Undergrad: 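Got a structure for you, questions after.
Being a predicted model, the structure only gives us computed values, none of them experimental. Letters A, B, ... mirror the listed sequences (proteins, then strands); counts begin at 1.
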2 protein chains.
Amino acid sequence: MPQVTRTYHHGDLRAALIDAGLQLARTGGVDSVGVRDVTREAGVSPASAYRHFDDHRALVVAVALAAQDHLAEAIVTRIGTETADAKGERAAALARLRGVGLGYIDFALAEPGLFELALLTFDPASGASPTVLVDAEVPAPFLLLLQALDACEASGALSAAERVNAEWPCWSAVHGFADIATRGPLKGQAPEVLEALGEHVVDSIIAGLRGSASRP
Amino acid sequence: MPQVTRTYHHGDLRAALIDAGLQLARTGGVDSVGVRDVTREAGVSPASAYRHFDDHRALVVAVALAAQDHLAEAIVTRIGTETADAKGERAAALARLRGVGLGYIDFALAEPGLFELALLTFDPASGASPTVLVDAEVPAPFLLLLQALDACEASGALSAAERVNAEWPCWSAVHGFADIATRGPLKGQAPEVLEALGEHVVDSIIAGLRGSASRP
DNA sequence: GGTCGATGTGAACACTGTGAACATATCGTG
DNA sequence: CACGATATGTTCACAGTGTTCACATCGACC
């Protein structure tokens, strides 16, 4: 293996602990990433973790951030396959939006353990910011959604009025479905069923955003 | 207080433990309902809990089911206010559907601790049932949604085609928003903001169900 | 080469869930 | 009414957890 320049005793133990955490979370979910488990996995003493993380919670948060990166990768991948054969700017923007939702669901179904981690939000001092979102700290997956929605507006697939606050219905529906399919009543259903229902959810919410002027 | 017929030593300790669990969860979330905490709250020894619950998990599940009942109550309440001034069968059915979603969100915002509990699904032997839902075990809140959707179909507010699988987009969007508003990026926002966004989410998803034939 | 700060270790502490042996109050039955 | 069976609650113990603190060890820099 590619021996990294090992400094100090272990050589970047912090990264090793996060990796071990990901490995454990992949099969056991968030509960299986404990201080003693992670350090045991890395072949190191329990107390050593406290040189790199303030707290048990801080460790979990670090692993969760790593899991969010994997989630973002899955979304980008799905965006690629969705937009592959989209003709025209409008269709491409809509396909991209669809890809964000379906990629999110893909990841949740493929890696339920890591997905559970990725959901943990680290509540920065639980600062109730007056604005709806502090864009400095917005996680990568959410950023992908915002960009896709902006592209929809730019291409005319979404009107300016429809664009405002559109991220919340989108994120809610997709996140909610992923949670339901992972831990909720749909847990354990066949992958084809879940895939089909996931598409239905994504298409419904996109239709809802665009069809605000509907029947009485 | 209405002294219940006290049998045996304590007099229905099981119920007392569940009540204590609800009380603790209300302020501290799911993590604060532990065997020792609950028994301490009830003024009883830790091991006594094992006469009524197999497991720590079994205790939490029992409390979660109680929390689900409270959730159902909140939904019923909101259904009442939504349908109060609805004219016509169709409008009433749609108002009822809206009430289910908004009641769910109401409860999540008013009682985030209990809401966290209510989400825990108890995965009965993790039996992957072939059918989409085992109707014997369907929790009350979900049942309220199914009935509201059926009423929409009966009144013509939803076509038969639109009705099929409509429960998943609805549940996903509402559940997802509640989760986001409670633990996610919207946590800590002002109640008015959350209320407005919640209405937006609910209205969007209902529009999406009814507007399947939308623009290209 | 010696000193110092950064990093890992070992042994402790308080806490948790859980089981076994024991104590006691209630009920069914003679 | 007495008495054994049984359901309920208690005490004690054990394994495992997060966490801390004194100590050991290594790399870097003067």
Undergrad: Looking at C:dT9, I'd like to know if its phosphate oxygens (OP1 or OP2) sit under 4.0 Å from a side-chain N or O belonging to A:Ser45.
TA: yes

Undergrad: Indicate the atoms forming the closest heavy-atom contact of A:Thr39 with A:Pro46, along with that distance.
TA: OG1-CA, 3.4 Å

Undergrad: Can you check the B:Arg40 CZ to D:dT11 P distance for me, whole Å?
TA: 15 Å

Undergrad: Expressed as a whole number of angstroms, how long is the span from A:Leu13:CG to C:dA6:P?
TA: 16 Å

Undergrad: In whole Å, I'd like the distance from the CG atom of B:Asp31 to the P atom of D:dT17.
TA: 17 Å

Undergrad: If only side-chain N and O atoms of A:His52 are considered, is one of them under 4.0 Å from the OP1 or OP2 phosphate oxygen of C:dA6?
TA: no

Undergrad: Do B:Phe115 and B:Tyr104 have ring centres separated by under 6.0 Å?
TA: yes

Undergrad: Between atom CG in A:Asp55 and atom C1' in D:dT20, what is the gap in whole Å?
TA: 13 Å

Undergrad: Tell me the interatomic distance from A:Asp12, atom CG, to C:dA6, atom C1', rounded to whole angstroms.
TA: 14 Å

Undergrad: Please report the closest heavy-atom contact between A:Leu109 and A:Ala181, naming both atoms and the distance.
TA: CD2-CB, 3.9 Å

Undergrad: Nearest whole angstrom, please: distance from the P of C:dG19 to the CZ of B:Arg51.
TA: 12 Å

Undergrad: What is the distance, to the nearest angstrom, from the CZ atom on B:Arg14 to the P atom on D:dG9?
TA: 12 Å

Undergrad: Check whether the ring centres of B:Trp168 and A:Phe177 lie less than 6.0 Å apart, and answer yes or no.
TA: no

Undergrad: Whether the side chain of A:Arg36 and the base of D:dG16 hold a donor-acceptor pair under 3.5 Å is what I'd like checked.
TA: no

Undergrad: Counting side-chain heavy atoms from C-beta on, which of C:dT9, D:dT20, D:dG9 comes nearest to A:Val44?
TA: C:dT9

Undergrad: Atom CG of B:Asp37 to atom P of C:dT16: distance rounded to whole Å?
TA: 6 Å

